[in-house]
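Each remark here refers to the structure printed beneath this line.
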Amino acid sequence: MGKALAKVPADKNFWEEKDMKKILALVLALVMVSCLFVTAHADELLKIGYVQVGHESDWRMANTQNYYDVFTKEAGFELELIDCDNDHARQLQEVRNFITKDFDYIVIDPIQEAGWDDVLKEIQDAGIPCIIADRAVAASSDLYTTAVGTNMTAEGETAGLWLEEYLAGKAAKILVIEGSTGSSAAIGRAEGFNKVAANHPEWEILASQDGDFTQNGGQAVMEDFIKRFPEFDVVVCHNDNEAYGAMDAMDAAGIKYGVDGKIIISFDATNEGLTRTLAGKILCNVECNPIQAVIVMNVIKALQAGETVEKFTLVPDEGFCAPGIESAIVTTMTDEVLAARKY
Ligand code: AHR
């Protein structure tokens with residue numbers, strides 16, 4: 001049998017009053033020290049303001065999530081990410097709010113390529129380093145600290161070169177569903193594709209229309225195209241979501257696409273986009289990598305360390321085509337490629 005515990009006499013407090021006071025003082029001191037520690041730690045966090053384009057596509061959602069995953073408190077950052085809902089005026093205003101709130105770094109993913117000079121000067125005058133991410137601005141690079149992004153013109157050119165290889169001299173009637181008008185992503189992809197198309201008098205671009213990088217936009221433009229152009233061979237969609245919308249419109253109209261139908265070319269190469277490429281529905285899908293936050297973070301760390309950084313850091317990307325197509329331009333899709341695609 002265990003030993004019985006000694007009882008505390010009922011008339012005696014277990015803790016003497018003076019002991020209690022000491023303990024309370026100690027607890028209070030500990031609370032104050034931990035408060036001081038938290039405040040000091042919060043002060044050390046770098047305040048990053050990111051004006052995000054919006055939430056128009058799967059690519060965009062993956063990019064937003066990537067920023068939240070990378071710019072954590074544990075990594076030393078306090079991130080404020082604003083979804084500007086594809087509204088250029090709002091994006092300018094949100095940048096001005098960041099300036100007023102004296103953020104340590106401002107990261108801009110520009111909805112529009114043009115119209116940035118004034119606000120970039122304001123950031124510079126406030127002495128805040130500014131990073132242009134993903135898309136580009138049509139402004140002097142003296143007005144911002146550095147830029148990180150993919151080469152959208154090269155993406156368009158890859159799509160054009162793949163089509164050149166695939167058609168091998170055959171004539172083609174082409175429809176283009178563009179990304180948001182005025183965005184460097186749409187401008188660059190059109191420029192790159194048109195550069196190759198200019199070498200092909202046998203290619204006819206029937207129409208090129210804004211689908212706003214959304215599935216609904218892609219569907220609406222394709223429905224319109226189907227009414228206006230009974231004959232076409234190729235649909236170039238400036239992102240995966242537009243391609244899904246175009247497919248919905250073609251499905252509804254009973255139009256076949258894929259290896260034995262109309263040729264669909266897309267951009268982004270998200271997991272869903274590559275699933276449809278592996279299934280032979282999208283014949284060529286040119287990647288645009290949304291996983292850019294760690295590169296932006298490394299640039300910030302280098303700047304914090306007083307190092308000089310390059311004016312532009314390229315986010316590399318590659319193209320993919322459907323199984324059964326051999327290509328010297330892009331990689332033929334496999335299950336392994338798809339399994340590795342996390343976004
Ligand atoms: O700026 C990147 C582009 O914008 C992506 O292609 C598209 O999906 C996004 O909305």
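All residue numbers in this chain count up from 1 along the given sequence. In listed order, ligands and their atoms are each counted from 1.
- Side-chain atoms of Asp212 do not come within 3.5 Å of backbone N or O of Gly217 as any donor-acceptor pair.
- At under 3.5 Å, not a single nitrogen or oxygen of Trp59, backbone or side chain, sits near a nitrogen or oxygen of ligand 1.
- Across all their heavy atoms, Lys281 and Tyr257 have their closest contact at CD-CE1, 3.8 Å.
- Selection from Thr150, Asn63, Asp268 by nearest heavy atom to atom 8 (O) of ligand 1 gives Asp268.
- Among Arg135, Glu287, His55, the residue whose heavy atom sits closest to atom 3 (C) of ligand 1 is Arg135.
- At a heavy-atom cutoff of 4.0 Å, ligand 1 is contacted by no atom of Met61, backbone or side chain.
- Side chain of Asp268 to backbone of Trp59: no donor-acceptor contact under 3.5 angstrom is found.
- The number of heavy-atom neighbours closer than 6.0 Å to NZ of Lys195, taken from other residues, nucleotides and ligands shown, is 12 or below.
- Residue contacts with ligand 1 do not include Gln292, since none of its heavy atoms lies under 4.0 Å from the ligand.
- Sparse packing is recorded around CD of Glu326, with 12 or fewer heavy atoms of other residues, nucleotides or ligands lying under 6.0 Å away.
- Near Ser57, meaning under 4.0 Å from one of its heavy atoms, ligand 1 places the atoms 7 (C), 8 (O), 9 (C), 10 (O).
- Note on ring orientation: taking the six-membered ring where Trp is involved, the planes of Phe213 and His238 are tilted (angle from 30° to 60°).
- Across Glu242, Met152, Glu56, Glu155, heavy-atom proximity to atom 10 (O) of ligand 1 is greatest for Glu56.
- Less than 4.0 angstrom separates some heavy atom of Arg60 from each of these atoms of ligand 1: 1 (O), 2 (C), 3 (C), 4 (O), 9 (C), 10 (O).
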